Amino acid sequence: MNKEQILNKLKGGLIVSCQALPGEPLYSDNGGIMPRIAKAMEHVGAVGIRCNSERDIHEIREVVTLPVIGLVKKKYKNYFPYITPTMCEVDAVVRAGADIVAVDCTRGLHPGDVKVEDFIRQVKEKYDILILSDISTFEEAVNAVQAGADMVSTTMSGYTPYTAGSKEPDFELLHRLVEQLPCPII
């Protein structure tokens with residue numbers, strides 16, 4: 001699928017998050033669980049799958065025909081961004097076969113003291129892949145889109161230190177994004 005086909009498939013539908021981290025009930029050291037959930041979601045009408053880890057992205061890509069949003073959650077000491085925070089994780093997402101890479105686009109520096117807009121540009125220079133910017137504020141969304149992100153998700157709203165405690169979901173933020181940005185809003 002090309003970028004336009006991917007975006008058209010996602011438009012107006014439900015993207016299901018199929019993720020489990022070590023220590024969570026649906027996590028398995030051997031894999032195999034998330035692809036079954038993803039296949040079940042495709043069967044009941046989901047239009048896309050959001051998944052975490054190179055292994056799960058690869059396994060899900062093998063069993064669904066839907067667009068796959070891939071990410072790798074990894075925390076680096078002294079840095080807040082943890083959703084695909086470095087090129088190492090982007091490389092893993094691309095290697096696993098994702099159609100879209102989700103990237104933390106909150107205001108904190110990425111590991112190595114890389115600004116969000118520079119990180120987005122680095123990804124775009126290296127790969128021809130759609131970037132989903134996970135943001136927590138309107139300003140972060142504008143910054144990400146101006147830097148080259150293809151789509152915006154309010155994933156981080158309520159999870160950053162400066163949005164913690166905000167009402168979830170933030171429909172006011174969502175409305176503002178839809179009204180004022182020229183890209184798809186998830």
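Nothing fancy with the numbering, it's 1 onward along the sequence. Note that this is a predicted model, so its numbers are computed, not measured. Only heavy atoms go into these numbers, but all of them, side chains included; no hydrogens, no water, no symmetry mates.
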Check your understanding: Would K73 count as a cation-pi partner of Y82, with NZ or CZ less than 6.0 Å from the six-membered ring centre and within 45° of the ring normal?
Key ->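 Checked: cation-pi criterion not met.
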Point to revise | Least distance between heavy atoms, M1 atom then L66 atom | key: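 Heavy atoms of M1 and L66 come nearest at CE-C, 4.4 Å.
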**Study point:** Nearest atoms (heavy-atom pairs only) where I69 meets A102
**Key:**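 Of all heavy-atom pairs spanning I69 and A102, the closest is CG2-CB, 3.9 Å.
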Practice item. May I have the step-by-step check of side chain to side chain donor-acceptor pair (under 3.5 Å) for S28 and N30, ending in yes or no? Key: CA-CA 5 Å; S28 167; N30 301 321; 4.7 Å; no
Say whether, by atom type as modelled, one donor and one acceptor occur between the side chain of [X] and the main chain of [Y] under 3.5 angstrom.
X	Y	result
R55	G32	no
N52	Q19	no
E179	H175	no

Review point. What pairs with N143 under side-chain contact (heavy atoms from CB on, under 4.5 Å), at least two apart in sequence or on another chain?
Key: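 Result, side-chain contact (heavy atoms from CB on, under 4.5 Å) vs N143: V116, E117.
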Exercise for review: Can you measure from CD (Q122) to CG (D118) and round to the nearest 0.5 angstrom?
Suggested key: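 It is 6.5 Å, given to the nearest 0.5 Å.
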Check your understanding: How many angstroms lie between atom CG of N78 and atom CG of L109, to the nearest 0.5 angstrom?
Key ->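 Output value for this atom pair is 11.5 Å.
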Review point. Using a distance-only test with no angle check, is there a side-chain donor-acceptor pair under 3.5 angstrom linking T160 and T163?
Key: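 Side chains of T160 and T163: pair found under 3.5 Å.
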Review point. Using 4.0 Å as the upper bound for N to carboxylate O, is an ion pair formed by D150 and K124?
Key: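 The answer is yes: the pair qualifies as a salt bridge.
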Practice item. For the pair D128 and K3, find out whether any cationic side-chain nitrogen is under 4.0 Å from an anionic carboxylate oxygen. Key: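 Yes.
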Review point. Which residue, T84, I120, V145, forms the side-chain contact (heavy atoms from CB on, under 4.5 Å) with I131?
Key: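 Output: one option passes, namely I120.
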